[in-house]
Amino acid sequence: MPLAKSDPVLIVGAGTFGLSTAHKLASLGHTDITVLEKDNRVPSRFSGGFDLNKIIRSEYIDPFYTDVALKAIRHWQTNPLYQPHFRQVGFLNVVTGEAPAVVQNALHKYNQSVAANPAFNGYLVPCPDADAIHKVAPQFTGALPGWTGYLNRLAGYAQSSNAMQAVYGACVQLGVKFALGEAGEVDELLYETAPGGMKCVGALTKDGKGHQARTTIVAAGGFVANVVPAIASQISAVCWGVSHIQLTPSESEKLRGFPVTTVRDIGFFFEPDPATHKLKVCYMGGGYTNQKNGLSVPYSTLAESEYVPEEDVRQTRRLLKQVLPHIADRPLVDTHLCWVADTSNSDFIIDFVPGTTDNSLAVLSGDSGHGFKMMPIVGDFAVDLLAKGAQELPRWRWREPEVEEGRPKHIAWRATVTVDLSSTPRAKL
Ligand SMILES: Cc1cc2nc3c(=O)[nH]c(=O)nc-3n(C[C@H](O)[C@H](O)[C@H](O)COP(=O)(O)OP(=O)(O)OC[C@H]3O[C@@H](n4cnc5c(N)ncnc54)[C@H](O)[C@@H]3O)c2cc1C
């Protein structure tokens with residue numbers, strides 16, 4: 001039976017995907033939506049989207065995602081809910097002179113994919129060397145040794161927490177209910193035996209309360225396997241370190257306006273945030289896992305994620321020395337680990353859970369570290385699934401993972417392999 005507008009819907013997770021879905025359903029007239037969130041505030045500090053900013057770019061080596069991301073960018077440019085939080089400063093995609101061949105090759109493929117797509121006509125600026133990069137980013141005072149790549153002006157960044165705050169506010173206005181903290185953290189899903197399998201009938205939260213629902217949508221990011229254990233073989237929670245440099249207002253003003261820059265063999269950084277004057281920078285290795293019994297799950301408390309590994313500090317300083325040497329040795333502040341849900345091939349998983357009946361349980365997961373830009377349209381994907389009753393796109397179906405040496409297959413577009421946090425020294429800052 002299709003979902004009626006008055007049927008109770010539960011969404012587990014008020015992160016990027018959960019908020020987008022709640023907003024879409026409420027906008028379509030669904031009247032009984034409850035979002036359960038383990039943090040005691042929204043935007044949730046556990047969400048991969050919770051920080052100053054996220055890159056909004058549409059180049060993908062895979063043209064399928066380029067098309068999807070282009071749709072999302074149109075929303076960031078024009079949708080009144082999202083547009084105030086988008087800064088179209090461009091996306092500088094480069095490698096250093098020390099980049100390994102595999103990373104140079106990835107840059108080449110990105111370059112080819114945008115050059116071949118008419119949507120980017122007039123937006124691309126080749127940047128074959130440091131001189132060309134200094135022209136498009138005069139704020140960069142470093143030597144940019146061997147840097148080469150291109151600038152795509154049909155891109156930029158979103159002030160991500162601000163965008164989440166706005167969508168949360170819009171949800172509340174539309175009557176979406178939120179339960180937070182102990183009252184929102186799902187301990188387990190509730191099932192009833194039904195002909196042909198188990199029917200999910202809602203969720204039990206940490207405060208002992210049962211929440212009944214006709215359909216439950218789990219959008220718990222890297223934590224998804226805690227709620228839907230059967231997905232654990234397809235998803236690995238992976239994190240990256242996030243660091244900031246606190247600038248003065250005048251230093252921040254001088255640097256304002258440079259494009260979001262990804263140096264594919266080291267990391268990425270953003271123009272200073274206009275409100276806090278913090279410059280965010282992330283080392284972009286293969287990411288880190290927290291392995292427990294062969295599965296990777298995020299740390300369960302915020303405090304455990306409030307550090308970055310030593311390697312991040314080393315690479316962050318290496319990057320800044322090349323581009324903004326005057327701030328390269330400044331203290332790194334607000335360091336933390338940011339968790340996502342990786343699949344073996346970076347495809348999302350947007351599907352009903354096999355073995356559950358009556359379209360009672362869906363997952364919206366597998367963001368693989370590239371989901372924030374999709375926030376304006378992820379809710380459409382969930383609504384589509386509910387309306388059609390099955391995932392028509394094979395790539396977003398629940399599937400068996402590709403396994404390599406007993407672990408989920410390494411994701412090819414990342415520069416280095418994933419390392420477990422237990423074997424990585426913590427930075428002492
Ligand atoms: C360092 C870093 C940089 C990134 N940069 C970019 C970028 O530049 N561009 C881009 O597009 N994407 C980027 N991403 C990825 C982006 O943040 C994620 O793809 C996106 O946040 C995924 O959304 P989600 O809703 O699946 O998960 P999340 O946003 O993580 O939300 C999951 C939510 O579920 C809640 N939850 C978990 N368990 C429970 C439970 N048991 N009960 C109730 N609630 C629960 C959590 O508290 C959280 O709020 C980046 C991620 C990281 C880590």
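Start at 1 and go down the list; that is how both ligands and their atoms are numbered.
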Polar contact flag for [X] and ligand 1 (N/O pairs, less than 3.5 Å):
X    : result
W240 : no
D39  : no
G49  : yes
K373 : yes
G371 : yes
W339 : no
F372 : yes
F223 : no

Any idea which protein heavy atom is nearest [atom], and the distance to it?
atom                    : value
atom 41 (N) of ligand 1 : V186 O, 3.2 Å
atom 6 (C) of ligand 1  : K54 CD, 3.4 Å
atom 8 (O) of ligand 1  : I55 N, 2.7 Å
atom 52 (C) of ligand 1 : C338 SG, 3.0 Å
atom 13 (C) of ligand 1 : G369 O, 3.3 Å
atom 23 (O) of ligand 1 : T16 CB, 3.3 Å
atom 44 (N) of ligand 1 : K38 N, 3.1 Å
atom 29 (O) of ligand 1 : S47 OG, 2.7 Å

Discussion item. List the residues meeting salt bridge (charged side-chain N to carboxylate O under 4.0 Å, His left out) with K321, not counting sequence neighbours, and say none if there are none.
Written reply: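 Residues passing salt bridge (charged side-chain N to carboxylate O under 4.0 Å, His left out) with K321: D329.
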Discussion item. Please enumerate all residues that pass salt bridge (charged side-chain N to carboxylate O under 4.0 Å, His left out) together with D420, with sequence neighbours excluded.
Written reply: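 Residues passing salt bridge (charged side-chain N to carboxylate O under 4.0 Å, His left out) with D420: none at all.
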Worksheet item: Between the side chains of T205 and D207, is a donor N or O closer than 3.5 angstrom to an acceptor N or O?
Response: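 Side-chain D/A pair, T205 to D207: present.
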Discussion item. Side chains of E59 and N152: any donor to acceptor distance under 3.5 Å?
Written reply: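 The answer is yes; a qualifying pair exists.
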Fill in: Sub-4.0 Å atoms of ligand 1 with respect to non-hydrogen atoms of V227
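Result: 41 (N).
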Worksheet item: What atoms of ligand 1 come closer than 4.0 angstrom to any heavy atom of G13?
Response: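 It comes down to these atoms of ligand 1: 33 (C), 34 (O), 35 (C), 44 (N).
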Worksheet item: Can you tell which part of T205 has a heavy atom less than 4.0 Å from ligand 1: side chain, backbone, both or neither?
Response: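 No part of T205 is near ligand 1 at this cut-off.
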Item to complete: Show your working on side-chain hydrogen bond (donor to acceptor under 3.5 Å, both in side chains) between R87 and Q159 and close with a plain yes or no.
Response: CA-CA 8 Å; R87 301 281 174 270; Q159 293 178 311; 3.1 Å; yes
Worksheet item: So which of V340, T343, D342 actually passes side-chain contact (heavy atoms from CB on, under 4.5 Å) with D367?
Response: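 Option passing the side-chain contact (heavy atoms from CB on, under 4.5 Å) with D367: V340.
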Discussion item. Regarding atom 30 (O) of ligand 1: of the candidates G48, P298, G181, G221, which has the closest heavy atom?
Written reply: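 Closest candidate by heavy-atom distance is G48.
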Discussion item. Assess the residue pair Y65 and H370 against the criterion (side-chain hydrogen bond (donor to acceptor under 3.5 Å, both in side chains)); give the C-alpha distance rounded to whole Å, side-chain angles, the decisive distance to 0.1 Å, and a yes or no.
Written reply: CA-CA 10 Å; Y65 282 103; H370 64 104; 5.0 Å; no
